[in-house]
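First the proteins, then the strands, lettered A, B, ... as listed; each starts at 1.
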Amino acid sequence: MRTHLCGALRSGDIGAAVTVCGWVAKRREHGEHLAFIDLRDHTGIVQCVIPGTVDVRSEYVIAVHGVVRARPDGTVNPDLPTGEVEIGDCTVTLLNSAEPPPFAVDDRVEVDEVIRLRHRYVDLRRPRMQANLRIRAKVNHALRTAMDRQGFVEVETPLLWAPTPEGAREFTVPSRLHPGSCYVLPQSPQLAKQLLMVAGVDRYYQIARCLRDEDLRADRQFEFSQLDVEASFVSQEDVFEFVSEAVLDAAEAVTGDRPGAVPRMIWAEAIDRYGTDKPDIRFGMELIDLSTVFEGTAVKAFGAPCVKAIVLEGGATLTRSKLDGLTDRAKGLGAKGLAWFRVTEPEAADGAGATGSGLALDSPLDRFLSDPERSGLLAATGAGAGDLILVVADEYRTACTVLGQLRVDVGGRPVGEGPYCYLWVVDFPMFDGVDEAGHPIAAHHPFTMPHPDDLDRLESEPAAVRSQAYDLVLNGWELGSGSVRIHRADIQSRVFAVLGVGEEEAMSRFGFLLGAFRFGAPPHAGFAVGIDRLTAIFAGEGSIREVIAFPKTQSGSDPMTGAPKPLATGLLGELGLQLIPPRD
RNA sequence: GGACCUGUGGUGCAGUUUGGAGUGCACGCCGGCCUGUCAAGCCGGAGGUCGCGGGUUCAAAUCCCGUCAGGUCCGCCA
């Protein structure tokens, strides 16, 4: 039907008789003797010249036949990749007419997202969305190729799985053949891939769809895709190698540049320096410890186990209302408050306290500080005139995480801004917090192998036990996580015991897995990479919805299909279900 | 479960603080003109439940209460 793609025509094609197909992006008529049509397909736009009139409207689907020629002097369009040429003496074949689109198929207008989603097929015609879909395809292809090259076998695992109550809420699928019983959709193929290791697959991967019935966010949808990986007879080091290879390949496939080797940071250091387990190491603004500066301070607000700060260069210009907003944010994140200090030249700040360093502090708290505290604060932070110091005093963990979040809020780089800084975060704690019964809660999942050096402290000092769990981080986004798994029944029993999971409960929840492990489970380890997030970062998009063809809104609905919808009562009966009217 | 922000012709906005006739801008749409435009230009025209409901008021897009939808975030996401 066509001989060329619209966006591919160049001066090298001059003289060629071509037929191109696509949608009318723009029509410009100049009377009865001349008209222009900008024709768009997924590759771009080319100008077609019609020697007469033409009866087409925006988004009509047409085929255009003509001869490629150089544009006349002075009419070259440098904004268009095809701008040096045009298709001349065109004849137009109408393939389909179209109603005016609900919004312009144009990257230059920001259209309300609900309207975009309601007419997603129109939205996806926009060059930006076409590019995003194709970036995603490139990422998938690069990941598949890398895993295949490294000897991994792609195996598909079931979507209809058994309920294994764990962390995330699962989507439930009622069974017609077994009324009253249900399948669930897997929150990840975690158990299936471990079974494949027992099955001797040795190296498994899959681009797996995962489903979690949890609240949505810019970086979270009900359904998302993972590069899911598991390998036998491997260490954590081997996993890093496999996965690094794949994600570096993906970066190279999309950007043309291959980032350097992926550095590592131990979890405790990430918390201490960046206040998060997913540090964005594209920029500094690291957390500064002020605990010694304010040891024994008379300032009530700083009487806490930990006092930490970040410095925003040039931040002294932030308005009072902006600072109040940051204080609210800090409180919302769990801090008792937020102290701020504008660093100024002494004459600039009326009544500001002297520091002996040629600088002054402008802050409601300044008058409560002693001189040594003022100079200590400036010396420790290294702040200069015009900078802003933000201080949180609290329990260690709270002070770190609150400042870690403020660091990103106030100093964060745009999502697409290079370079691509991958980071392995290692030595996660085995447990994080305790449940109502006082049992530690697994930080990763209960099949995670404890760190060998900490194994003897599992029962005596669980909070101090590190695990062989690790995360991959890219520019402040958690891309995925994995671990070395427990393959020995004795260690698994000890972990379950610490978690407060009894023998009986373990068998009822994971019996099929534990059963399988009795038949020769190899040591194994694995990982999963979030493909939606990886693609969003490469595409420079702050929301994964922009790299998903048909995403849901934050409340989990689809403006195009109307899902979710009430089920016909007949169908309910067939499934042995009955609706309970909502309370109130 | 909670906090904040948004909702005005098809699209994007202004108008809301300080109540006074659906007033305005840009794009799009419809008709006409136009032989080198390219986000074409010129002339004319159509198009509105100011998200929805209630309240205050002589009078509500504007103030108050509620509600719905969307977004960002907290909780949640082993």
Side-chain angles (χ1 to χ4, degrees), chain A residues 25-39 45-53 57-59 69 71-80 82-83 86 88 99-119 122-123 164-170 187-188 190-191 210-222 224 325 328-335 401-402 405 408-409 428 430-433 435 440-448 467 469 478 481 483 495 499 501 509-510 530 542-543 545 552-557 559:
Chain A
K26 203 77 199 177
R27 170 195 51 140
R28 292 179 293 278
E29 285 188 308
H30 290 253
E32 55 182 318
H33 301 292
L34 178 67
F36 300 95
I37 292 174
D38 287 342
L39 190 66
I45 283 174
V46 67
Q47 174 167 279
C48 308
V49 185
I50 285 89
T53 60
R57 305 286 161 128
S58 287
E59 302 307 317
R69 68 191 188 198
R71 293 200 185 191
D73 283 348
T75 65
V76 166
N77 185 349
D79 297 331
L80 228 49
T82 62
E86 62 189 14
E99 289 179 22
F103 51 89
V105 182
D106 189 328
D107 286 342
R108 284 170 296 214
V109 283
E110 280 293 322
V111 180
D112 185 273
E113 198 173 349
V114 189
I115 295 164
R116 293 173 55 202
L117 291 182
R118 186 173 300 139
H119 303 278
V122 172
D123 188 41
T164 56
E166 293 163 50
R169 195 176 292 112
E170 295 161 325
Q187 50 180 299
S188 84
Q190 179 61 38
L191 303 183
C210 306
L211 299 110
R212 297 181 186 173
D213 188 4
E214 297 288 352
D215 287 1
L216 283 52
R217 288 282 198 287
D219 62 351
R220 278 159 38 187
Q221 285 270 302
F222 284 153
F224 58 99
D328 289 345
R329 171 71 166 159
K331 287 178 179 166
L333 292 165
T401 53
V402 169
Q405 188 58 57
V408 174
D409 288 349
F428 271 71
M430 186 80 186
F431 308 104
D432 190 16
D435 62 19
I441 299 168
H444 188 58
H445 62 57
F447 314 110
T448 302
S467 69
E478 182 191 322
S481 56
S483 61
V495 170
L499 291 170
V501 177
R509 282 166 65 181
F510 316 111
S543 162
R545 293 189 299 275
K552 307 275 187 294
T553 66
Q554 194 167 60
S555 65
S557 62

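Straight-line distance between the P atoms of B:C65 and B:U6: roughly 15 Å, to the nearest whole Å. B:U8 and B:A61: their C1' atoms are spaced 7 Å apart (whole Å). B:G31 and B:G24: their C1' atoms are spaced 24 Å apart (whole Å). Comparing B:U17 with B:U62, their P atoms sit 9 Å apart, to the nearest whole Å. Separation of the P atoms belonging to B:A14 and B:G7 is 7 Å when rounded to the nearest angstrom. Here, B:G10 and B:G20 have their P atoms 24 Å apart, quoted to the whole Å. With both ends at atom P, the span from B:C34 to B:G51 equals 43 Å, rounded to whole Å. Across the C1' atoms, B:G22 and B:C38 are found 36 Å apart, a figure rounded to whole Å.
Ion pairing between a basic and an acidic side chain is recognised when a charged N comes within 4.0 Å of a carboxylate O; A:R217 and A:D219 show no such pairing. Taking a cutoff of 4.0 Å between a charged side-chain nitrogen and a carboxylate oxygen, A:D123 and A:R118 do not qualify as a salt bridge. The pair A:R212-A:E170 does not meet the salt-bridge criterion, since no charged nitrogen lies less than 4.0 angstrom from a carboxylate oxygen.
Note: CZ (A:R108) to C1' (B:G12) measures 14 Å, nearest angstrom. When the C1' atom of B:G1 is taken as reference, atom CZ of A:R169 falls 11 Å away, rounded to whole Å. Between A:I37 atom CD1 and B:A40 atom C1' the separation is 15 Å, expressed in whole Å. Taking atom CG of A:D107 as the reference point, atom P of B:A39 lies 14 Å away to the nearest angstrom. The CZ atom of A:F103 sits 11 Å away from the C1' atom of B:G10 (whole-angstrom rounding). Straight-line distance from the NE2 atom of A:H33 to the P atom of B:U35: 6 Å, rounded to whole Å. We find that CG of A:D106 is positioned 14 Å from C1' of B:A26, with the value rounded to whole Å. Put simply, CG on A:D328 is 19 Å from P on B:G2, counting in whole angstrom units.
A:L499 and A:P446 make their closest contact through CD1-CB, 3.6 Å (heavy atoms, listed as atom of the first residue, atom of the second, distance). Across A:R71 and A:V76, no two heavy atoms sit closer than the pair CD-CA, 4.1 Å. When all heavy atoms of A:L216 and A:T553 are compared, the pair lying nearest together is CD2-O, 3.0 Å. Closest non-hydrogen pair, A:R220 versus A:D215, comes out as NH2-O, 2.8 Å.
With hydrogens and angles ignored, the 3.5 Å screen pairs no side-chain donor or acceptor of A:Q187 with any backbone N or O of A:R169. Proximity of a side-chain donor or acceptor of A:S467 to a complementary backbone N or O of A:T448 within less than 3.5 Å is not detected. Side-chain N or O atoms of A:T82 include one that pairs as donor or acceptor with a backbone N or O of A:I45 at under 3.5 Å.
The nucleotide B:G24 finds its pairing partner in B:C13, both defining distances of the Watson-Crick or G-U wobble pair being shorter than 3.5 Å. A 3.5 Å limit on both hydrogen-bonding distances identifies B:C33 as the Watson-Crick or G-U partner of B:G41. Across all strands shown, B:G53 forms a Watson-Crick or G-U wobble pair with B:C65, both key distances being under 3.5 Å.
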So if I define the base as every atom that isn't primed, P, OP1 or OP2, how would nucleotides 67-72 of chain B read as a B/S/- string at a heavy-atom cutoff under 4.0 Å? ---SBB

For a quick check, with a 4.0 angstrom heavy-atom cut-off, what is the B/S/- contact string for nucleotides 28-34 of chain B, read 5' to 3'? SSSS--B

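Between the side chains of A:R545 and A:Q554, no donor-acceptor pair is found at a separation under 3.5 Å.
Nucleic acid contact for A:A443: sugar-phosphate only, since backbone atoms but no base atoms lie under 4.0 Å from a heavy atom of the residue. Heavy atoms of A:A104 sit nowhere under 4.0 angstrom from any nucleic acid atom. Within the 4.0 angstrom heavy-atom criterion, only backbone atoms of the sugar-phosphate kind lie near A:I115; the bases stay farther away. Residue-level contact check: A:R71 touches the bases, meaning some heavy atom is under 4.0 Å from a base atom. Among the protein residues, A:P446 comes within range of the nucleic acid bases, having at least one heavy atom under 4.0 Å from a base atom. Base contact: A:P72 has a heavy atom under 4.0 Å from a base atom.
For B:A40, one of the phosphate oxygens OP1 or OP2 lies less than 4.0 angstrom from a side-chain nitrogen or oxygen of A:R28.
Residue whose closest nucleotide on RNA chain B sits further toward the 5' end, between A:Q405 and A:R212: A:Q405. Residues A:H445 and A:D38 both approach RNA chain B. Their nearest nucleotides, taken by heavy-atom distance, put A:D38 toward the 5′ side.
A donor-acceptor contact under 3.5 Å links the side chain of A:E86 to the base of B:G36. A donor and an acceptor atom sit less than 3.5 Å apart, one in the side chain of A:R220 and one in the base of B:C77.
Qualifying salt bridge (Lys or Arg N to Asp or Glu O under 4.0 Å) partners for A:D328, counting only residues two or more places apart in sequence or in other chains: none.
Of the candidates B:A39, B:G36, B:G75, B:A39 carries the atom nearest the A:N77 side chain, counting heavy atoms from C-beta on.
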